[in-house]
Engineer: 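Below is one structure. I have some questions about it.
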Amino acid sequence: VQLQASGGGLVQAGGSLRLSCAASGRTFSSYIMGWFRQAPGKEREFVAQISWIPSRTYVADSGKGRFTISRDNAKNTVYLQMNSLKPEDTAVYYCAAQGAINWSAPMSVDYWGKGTQVTVSS
């Protein structure tokens, strides 16, 4: 199981970024996938999750109204659209997958991808 995250970068406050996570190695048709983030000196925190089929989502309070998680089943890819970014959103963002089909929020993580850096300047 491999998760490859991409799309991070440097953006000004108020800007937008879309992160992508491509999954390979197994069929993720029943997996829950999501995003976590870790800022310097802080613990890793949950950001958002989405079921594969049917589509059900949950976004942490820190991202509600600004972040949207979605997926493209044909591409085995999950996206995190981040709008109205704030300097406090600066972190390394990690893609994650839960192998079990039971829904709970935040999700349990069975697989981690390498992170992608998001930096929001003020």
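What you see is a predicted model; the values in this text were computed from it and never measured.
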Engineer: State which residues pass side-chain contact (heavy atoms from CB on, under 4.5 Å) with E88; sequence neighbours excluded, sorted by chain then number.
Structural biologist: K86
Engineer: Can you tell me if Q117 has over 12 outside heavy atoms packed within less than 6.0 Å of its CD?
Structural biologist: yes
Engineer: Please find the pair of heavy atoms, one from Q49 and one from M107, that lie closest to each other, and give the distance.
Structural biologist: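 So the minimum-distance heavy-atom pair works out to OE1-N, 2.8 Å.
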Engineer: Going from OG on S6 to OH on Y93, what distance comes out if it is rounded to the nearest 0.5 angstrom?
Structural biologist: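 Going from the OG atom of S6 to the OH atom of Y93 covers 15.0 Å.
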Engineer: If you round to the nearest 0.5 Å, how far is CG of N76 from CD of Q2?
Structural biologist: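 Atom-to-atom, Q2:CD and N76:CG are 12.0 Å apart.
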Engineer: Which pair of non-hydrogen atoms, one from Y94 and one from K114, has the smallest distance, and what is that distance?
Structural biologist: CD2-C, 4.1 Å
Engineer: Measuring only between side-chain heavy atoms, which start at C-beta, is D89 closer than 4.5 Å to M82?
Structural biologist: no
Engineer: Would you call L3 and M33 a side-chain contact if the rule is heavy atoms closer than 4.5 Å?
Structural biologist: yes
Engineer: Report the distance from atom OG of S51 to atom CG of N102, rounding to the nearest 0.5 Å.
Structural biologist: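 The CG atom of N102 is 12.0 Å from OG of S51, to the nearest 0.5 Å.
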Engineer: Let me confirm one number: the OG1-CZ distance from T57 to F67, rounded to the nearest 0.5 Å.
Structural biologist: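 T57 OG1 to F67 CZ: 14.0 Å, rounded to 0.5 Å.
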Engineer: Can you say whether the rings of W112 and F36 are parallel (under 30°), tilted (30 to 60°) or perpendicular (over 60°)?
Structural biologist: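 Judged by the thresholds at 30° and 60°, the geometry between W112 and F36 is perpendicular.
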Engineer: If two hydrophobic side chains count as joined below 4.5 Å and joins carry through other members, does I32 share a cluster with Y79?
Structural biologist: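 Cluster IDs for I32 and Y79 differ.
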Engineer: Would you say T77's side chain and A22's backbone share a donor-acceptor pair under 3.5 angstrom?
Structural biologist: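 Not confirmed, T77 side chain does not pair with A22 backbone.
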Engineer: Distance check, rounded to the nearest 0.5 Å: S122 atom OG versus Q12 atom CD?
Structural biologist: 9.5 Å
Engineer: To the nearest 0.5 Å, tell me how far C95 SG sits from L80 CG.
Structural biologist: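 Between atom SG of C95 and atom CG of L80 there are 10.0 Å.
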Engineer: If I compare all heavy atoms of I50 with all of I69, which pair ends up nearest, and what's the gap?
Structural biologist: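 Nearest heavy atoms, I50 then I69: CG2-CD1, 3.6 Å.
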Engineer: Can you name the closest pair of heavy atoms from L17 and V11 and give their distance?
Structural biologist: CD1-CG1, 4.1 Å
Engineer: Hey, any chance L19 and Y111 share a hydrophobic cluster, counting ILVMFWY side chains that come within less than 4.5 Å of each other, even indirectly?
Structural biologist: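 L19 clusters together with Y111.
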Engineer: For G99 and Y31, which heavy atoms make the closest approach, and how far apart are they?
Structural biologist: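 So the minimum-distance heavy-atom pair works out to O-CE1, 3.4 Å.
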Engineer: Is W103 linked to V109 within one hydrophobic cluster, defined over Ile, Leu, Val, Met, Phe, Trp and Tyr using a side-chain heavy-atom separation of less than 4.5 Å?
Structural biologist: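 In one cluster: yes.
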Engineer: Any salt bridge (charged side-chain N to carboxylate O under 4.0 Å, His left out) involving residues 67-79? Give me the pairs, sequence neighbours left out, ordered by first then second residue.
Structural biologist: none
Engineer: Counting only N and O atoms by type, is there a donor-acceptor contact under 3.5 Å from the side chain of Q98 to the main-chain atoms of S108?
Structural biologist: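 At least one qualifying donor-acceptor pair exists.
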Engineer: Verify the neighbour count for atom NZ of K64: are there more than 12 heavy atoms of other residues, nucleotides or ligands below 6.0 Å?
Structural biologist: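 It does: K64 NZ has more than 12 such atoms within range.
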Engineer: Which atoms form the tightest heavy-atom contact between T116 and A5, and what is the distance?
Structural biologist: CG2-CB, 4.2 Å
Engineer: Give a yes or no answer on whether the side chain of S84 reaches the backbone of R66 with a donor-acceptor pair at less than 3.5 Å.
Structural biologist: no
